[in-house]
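Please read these numbers as outputs of a predicted model, since none were measured by experiment.
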Amino acid sequence: MHTKISLEGEWKLQLDMTKQGLAMPFADVISLPGTTSHALKGPKNVDILVDALTDEYLFEGQAWYSKDFEIPEALSGKTCMLHLERTRLTTVWLDGLEIGNRDSLNTPHVYDLGQLRSGNHTLTIRVDNTDYPTKGGHLTSKDTQTNWNGITGRIELQFYSESYLSGIRIDPDVSARSVRITATLEGADTGVIKVSAVSFNSKTTQTRAVQEYNISRGEFWVSYGLGPDALLWSDSEPNLYKISIDLNGTGDEASDQHELIFGLREFKTGGDKFMINGQKTFLRGKHDGLIFPLTGYAPTDLEEWLRILGISKSYGINHYRFHTCCPPEAAFAAADMLGIYMEPELPFWGTITEETDEGHNQAEQDYLISEGYAILRAFGNHPSFVMMSLGNELWGSRTKIDSFLKDYKAFDNRHLYTQGSNNHQFVPEVLEHEDFFCGVRFSKDRLFRGSYAMCDAPLGHVQTDMPGTMKDYDEQFVPPAMGNGEDTEAATGDTIQIQYGTEAKTVQIGDTSGEWIPRIPVVSHEIGQYATYPNYAEISKYTGSLKAKNFEVFRSRLEDKGLGHLAAKYFECSGQLAVACYKEELEAAFRTRRLAGFQLLDLQDFSGQGTALVGVLDAFMDSKSLVSADEWRTFCSDAVLLARFPKYNYVSGEHFDAHVELSWYRTGAPDMILLKWELNTEEGTLAAGISEAGVPAGSNYIDICDLSIALPEVVQMTQAVLSLWIPGTDIRKSYDVWIYPENSNGVLDDVHVFQELSPEALALLDQGQNVLLMPKPELLQNAVEGFYCTDFWCYPMFRSISESMNKPVPVGTMGLLIDNSHPVFRDFPCEEYSTYPWWNIVQNSKSIILDGFDRSWSPIVQTIDNFERNHKLGFLLECSVGAGNLLICALDADKVSGTPEGRQFLSSLSHYMKSADFKPHYHAEISQLQQLLQ
């Protein structure tokens, strides 16, 4: 490029919602880059969305932008290209003459304006954000970017001399420590290029000598050596070079100059793992849908992407998967500098059809494939661009999908390709030309993710299994023996009903090969999705074009139920439970030795699709103060200590047995691992030790030691902390365990216990006695099922999907809010939020719906409901009745008494009822209680 002129600044604006054309003079102005919404242009949006953020000035139609500019004499006759970095469907006019149109949603729109005369010119650009060639996925949905209209990136005129280079491509060759430079010489028969390189972000600076090459018109390639000591690029050492390519075509001094950022790397597969420069790496990924709540569109400046990706990196993330979208150039540049493996995805969430299939849309498929090629050409030189996906949860012709993969790989082999993210959901299959597989299961019951929606049941182990740290998915990588009774429902018909976005859809299954073993790297798709209750303090942060009207609606609903004063506690307590669920989810992935990586959904909140507040960061990438980045990295990093033990609750004198191992994907493994460990209580250290283990050459999983600790005799419920650390490093881990006195038998001695408000129970209350009412959970109708794990994604979306599929709806609760200072917990000390002593108790209980009852009746233990229902849910509550006192707990005592934590809880209830502390503040009428306990 010779030079460029920026066209950023003020433009004339005319909105044309009905597409009448430019039939009137421009009546307004706007500053570009930007969008009509962010500039508050057009009619104000009166709609209030509850399933996404509300775009206050949503404009959909054609917007006309016009600007006068001047060409200086020095640039007269130079070839001029108009570069529009990030926009929608555009048509361009120069001085009233139509130049053409472009429709890429992911890559810059470039127009050849020819050789312009000096003087004044008028540029008119029509941007249309309707009637896209494809739905656009998260590039255009209200759930993420919103369907904005405008131009959000660089707007400039680029000038070229008579001869110039186009289509520059850089291919790394790690083994030869060189790069292959391919380009096309335009405007001259011959020329000379000078190539040089200098490293700029490494501990040491390397300057490589200028090399000259004679080239000829058309496409050419040259090999530029970086030397045997060339620095390599990876997530841990993102060494970069600036490569300068200067063309001297006809004796002019540097008539065409290019400076590209380049990283020398080889990202490939090796068996079931990814390899970076010959070393195994594990993808610690994050889903990204380009959520930017201040603007509604993705930033195009490097600084903002460095901030965003830097936050993710601080939480141990080394990989980004972009859901049905591709980020702007600045995102790749920031990822280059920080060391993050990027995976853009075609903007498609649907079905790939053959020409003979009903509803086949060849134009859409052609467009999608062209978008893939455009992405590869525009961003393929970035070392961070290592993977590409064909779309999200695709269905349809496997043969067709595989043919696309084959063509892309032939066009650009610098990247690894996958058929899509979680394609053919229940009946997936690895395709011939894909390099890695991304999904959640190998068949309906061969799961390798910890949580699922009810409409995608079976659920995951984090949702259903007794808590422990033994789970991994290695056994799922081998198909079960024939005839074991595995559910094959999903593969027995021609169609299957699936969750499809926010709806249900019936799709063709297609041909499947039955059970299979993956021979390529497997990445688990969209893991986690553990919801937290909204933090209404965030509402004031929405100072841009998007407003959190959904949060305002949710807050009003809660206040209408008389529970507004509990919103902050709901947020904090549900959040702590979500963090614990994420810890187990991630550790299960790290324990799985055949897994190649995971992609979280998500580290940050997802603003749309029902409002899914699934992050430990909010939508702005700010911490929600639930877990620090340092603590998160103890279970999400390139080196993670793991202790395997079957349960969290133990009895006095029982042995605590654990196997300690280390997941290691750091550069330069030591020959020996030294581990220190302690088991501590508030009173002191129960046990401590030091263990050493040799590190097998090339191993990423190191078995360090087995612990067998005789737990002490305790007279009260005691919390202990197992701490593990490797001295001199940041590698550490801690686990909470609980020890219970052996004499807690769970028998409710000398307590009046009833399963219903029988005449006998009422008579005792009338006599001033204390009564424990424990209705059988399965008989209660006015109650919500006990479910320990927090809600998946968000309740309203999956309730609707489950209902449309005639599947069970999710329970939808979000953990416990506990008045842990209450004397009922004298013998069962606990936090304000759910912890593992509560798991068996909650799973064998129900919470009574208290809607419509006196708002002053506050449960001792309350189950947090979701923001759609906002039930007031009492798990443990007390009241006075007549002259007596009543404690209510809808718990199956027979089931929980088989566990130490259950016995301890029942004993604590019993002791409380016999104490002078049992003096409820709330008085209930018998008729109220009878209505309540239906």
Side-chain angles (χ1 to χ4, degrees), residues 50-53 138 141 143-144 284-291 293 311-312 315-317 320-323 392 421-422 440 449-456 459-460 462-463 499 501-502 524-536 538 548 550-551 554 570-586 589 598-627 632 635-636 787 789-799 801 810-815 833-834 864-868:
V50 295
D51 59 345
L53 300 175
H138 284 329
S141 73
D143 302 300
T144 53
R284 307 181 302 277
K286 174 196 179 305
H287 156 286
D288 197 274
L290 301 179
I291 294 173
I311 291 170
S312 290
Y315 281 80
I317 298 299
Y320 259 61
R321 172 247 169 167
F322 291 89
H323 185 304
N392 181 70
S421 302
N422 198 30
V440 302
R449 191 173 80 178
S451 61
Y452 294 81
M454 287 294 292
C455 59
D456 290 331
L459 300 182
V462 180
Q463 298 165 303
Q499 178 238 326
T502 58
S524 52
H525 164 83
E526 296 184 358
I527 72 171
Q529 306 191 45
Y530 301 109
T532 64
Y533 192 81
N535 178 14
Y536 298 128
E538 286 178 23
N550 47 352
F551 276 48
F554 303 153
Y570 281 3
F571 161 67
E572 293 164 8
C573 292
S574 64
Q576 289 302 323
L577 174 57
V579 169
C581 292
Y582 273 117
K583 180 179 180 181
E584 169 53 28
E585 176 87 47
L586 292 175
F598 58 78
Q599 295 164 346
L600 272 171
L601 187 61
D602 199 343
L603 191 65
Q604 71 183 113
D605 284 345
F606 190 94
S607 305
Q609 291 186 357
T611 307
L613 308 178
V614 295
V616 295
L617 308 178
D618 65 19
F620 299 83
M621 292 292 285
D622 294 331
S623 172
K624 293 161 79 169
S625 299
L626 301 173
V627 61
W632 183 272
F635 51 87
C636 182
F787 193 73
C789 185
T790 190
D791 190 39
F792 179 89
W793 190 247
C794 78
Y795 177 78
M797 174 174 149
F798 279 102
R799 171 198 52 74
I801 293 171
V811 175
T813 53
M814 311 179 77
Y833 49 85
S834 300
I864 302 168
D865 202 13
N866 60 77
F867 55 70
E868 181 179 66

Residues passing the salt bridge (Lys or Arg N to Asp or Glu O under 4.0 Å) test with Asp288, sequence neighbours excluded, are Lys286

Who are the salt bridge (Lys or Arg N to Asp or Glu O under 4.0 Å) partners of Glu585, not counting sequence neighbours?
none

For Ala580, check side-chain contact (heavy atoms from CB on, under 4.5 Å) against everything at least two apart and list the hits.
Tyr836

Would you mind reporting whether Trp632 and Leu586 have side-chain heavy atoms less than 4.5 Å apart?
yes

Does the ring center of Phe798 lie less than 6.0 Å from the ring center of Phe792?
yes

Who pairs with Ser574 by side-chain contact (heavy atoms from CB on, under 4.5 Å), at least two apart in sequence or on another chain?
Thr532, Tyr533, Met814, Ile864

Is there side-chain contact between Tyr315 and Cys636, with heavy atoms separated by less than 4.5 Å?
no

Can you sort out the partners of Phe571 under ring-ring contact (aromatic ring centres under 6.0 Å, His included), two or more places apart, ordered by chain and number?
none

Partners passing salt bridge (Lys or Arg N to Asp or Glu O under 4.0 Å) against Glu868 (at least two apart in sequence or in another chain)
Arg799

Considering all heavy atoms, the nearest Ala619-Ser607 contact:
CB-OG, 3.7 Å

Full working for side chain to side chain contact (heavy atoms under 4.5 Å, CB included) between Leu603 and Ser312
CA-CA 8 Å; Leu603 191 65; Ser312 290; 3.9 Å; yes

With sequence neighbours left out, write down each residue that passes side-chain contact (heavy atoms from CB on, under 4.5 Å) with Gln576, or none if nothing qualifies.
Leu626, Tyr833

Let me confirm one number: the CG-CG distance from Asp143 to Leu53, rounded to the nearest 0.5 Å.
9.5 Å

Residue set satisfying ring-ring contact (aromatic ring centres under 6.0 Å, His included) with Phe606, at least two apart, ordered chain then number -> His138, His287, Trp793

Salt bridge (Lys or Arg N to Asp or Glu O under 4.0 Å) partners for Lys624, two or more places apart
Asp605

Could you tell me which residues satisfy side-chain contact (heavy atoms from CB on, under 4.5 Å) with Ala589, sequence neighbours excluded, listed by chain and number?
Leu595, Phe598

With sequence neighbours excluded, residues passing ring-ring contact (aromatic ring centres under 6.0 Å, His included) with His525
none

I'd like to check the side chain to side chain donor-acceptor pair (under 3.5 Å) partners of Ser421; sequence neighbours left out, ordered by chain and number.
Arg321, Glu345

